[in-house]
Amino acid sequence: METIITFYWPNIIAGILLVFTLGLFGRHLVGRNQSMEIMLLGQEFKTSILIASILATIIESGEHTEHSIHLETIVALLCVAFFHFCYYRLIKKRAYKIEGAIVFITILIALDHLIVLFSPLVEFHMIKSALGDIVTVSKVESFFVIVSTILIALFYNFRKKEFNKDTLEIALFNKRTKKSNDYYFFNLSVMFLMLVSIHLFGTIFTVGALIIPALITSYFNLSTQKFNALNCLNSLMVIVSFMILTLHDRLPSTVIIIILITITSIAYSFMRSQRK
Amino acid sequence: MIKLKGVSIKIDGEQILSNIDLSIEPSDIIHISGDNGSGKTTLIESILGLNNFANGEIIKDFDLDDYGYLPQVSHQNPKIYLELKDICDTHYSFYPESFARKKWHLSSGGERKKALIAKAITESKKLLILDEPFNHLDRETTSQVTQYLEELSRKGLAIIYIGHSSTIAGSKNVEVSKWRQ
């Protein structure tokens, strides 16, 4: 265990900070009724990574490192922007946002399998973009995640009053009463976090860390303070997952984290709700 | 403070309202009335810049920090934990401090409405807009709110409210149907 921590400490810290920061934003996304949209964004990122991988195999000669942030990332981001633009343009009626997202997700999953059929070389990328692996993240990438999540968390802390206001209004009125830039800063922060997280840790980890704790605490009507306490607890599940991996190293790390987060969220929320 | 000249409102290619001429000054109390679906809320949100449906001249002498707006409430069960004090922690005669720790999901429609009206009033410096503010309120609270709004109007606040009956004394009635084609 000591060897694991000595060798993987940047990965562990990156994982802890990412779970924590995703949780902070996830509470607002659930409050704003955007859970389905996050699911859609996750799938859009997955498909975009596949498209970018195919283009990379055509354009680039020779091998490139798996996780390096380069042209592939930019192409993936452009594809996500395109897919989401299409979603907003086609699904104009608010009442159909959820069903529209389901249709888009289904089409994108079908597209994933078509892409893999035509180019089996990218099947590895499809699995990677879904599952990710905290263990294979390089030290440079881990430090990048650590620095960016700290900056975004600080930014969140600085603007949380405005974010709370927007979330409250969207939750109650389905709209904001004032069009300020904080709404766009919030969305940009979420997009950036998702890009980094999906690229390194996969969609299941990202969407799970964003939505699961917030949805469960919302279901049990737990206060923001209790949610924040749970968020800290969930972050520590990254360490627990590494402990489990020392015993069974073939298990997918990010899946273990999400299962632990879910169990912790349900247990904590249930116990706290009984105590009222 | 607000001037509309020859404004029209179109949604998805359909003209809803046209040739709107309206002027609102400080201390005005404007009651916007009309049938269901006549465009009252859309007109208000066009003035506030919350939609892109309006064409024509809209001159405004206020910015984001100057107004408070209470829309119609659409979600009675939001997916966030709320206490009434999270909505507004400034108290008024119709929204006393005893309300502070009430939880949203355990509050009545009237209690929620009081908190939301208090929120809109607290945010308004030059302009207050209320969409159906008196729904769910009992007679006593309606009277308290009305009196408070009349006092605010005397102090210079412009008030626009949408409702099916004119409740505030001294309000100028604006019937939206005169602008419908």
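Heavy-atom basis, side chains included; hydrogens, waters and symmetry copies ignored. Proteins get letters first, then strands, A, B, ... in listed order; numbering begins at 1 in each.
Taking a 6.0 Å sphere around CE of Met39(A), one finds it holds 12 or fewer heavy atoms contributed by other residues, nucleotides or ligands. Within a 6.0 Å sphere centred on NZ of Lys175(A), other residues, nucleotides and ligands contribute more than 12 heavy atoms. Crowding of Lys160(A) atom NZ: a count of heavy atoms from other residues, nucleotides or ligands under 6.0 Å not exceeding 12. Other residues, nucleotides and ligands contribute over 12 non-hydrogen atoms within 6.0 Å of the NZ atom of Lys178(B). Heavy-atom contacts from other residues, nucleotides or ligands closer than 6.0 Å to CG of Leu77(A) number more than 12. Counting heavy atoms of neighbouring residues, nucleotides and ligands inside a 6.0 Å radius, atom OH of Tyr88(A) exceeds 12 of them. Counted within 6.0 Å of OH on Tyr219(A), heavy atoms from surrounding residues, nucleotides or ligands total 12 or fewer; the atom is thus considered open.
Within residues 114-122 of chain B, the residues that have a heavy atom under 4.5 Å from a heavy atom of chain A are Leu116(B), Lys119(B), listed by number.
Neither the backbone nor the side chain of Glu83(B) comes within contact range of chain A, judged by heavy atoms closer than 4.5 Å. Of the atoms belonging to Arg176(A), it is backbone heavy atoms, and not side-chain ones, that fall under 4.5 Å from chain B.
You'll find the side chain of Tyr69(B) stays beyond 4.5 Å of the side chain of Lys178(A), heavy atoms only. Leu172(A) has its side chain within reach of Ile87(B): a pair of non-hydrogen atoms, C-beta onward, lies under 4.5 Å apart.
Closest approach of Tyr81(B) and Leu222(A) over heavy atoms only: CB-O, 3.1 Å. Here the closest non-hydrogen pair linking Lys179(A) and Leu64(B) is O-CD1, 3.6 Å. Taking each heavy atom of Leu168(A) and Leu82(B) in turn, the nearest pair found is CD1-CD2, 3.6 Å. Annotation for Ser218(A) and Ile80(B): closest pair OG-N, 4.3 Å, computed over non-hydrogen atoms.
Rounding to the nearest 0.5 Å places CG of Asp63(B) at 12.5 Å from OG of Ser180(A). Annotation: the span from Thr177(A) atom OG1 to Glu123(B) atom CD amounts to 5.5 Å, rounded to 0.5 Å.
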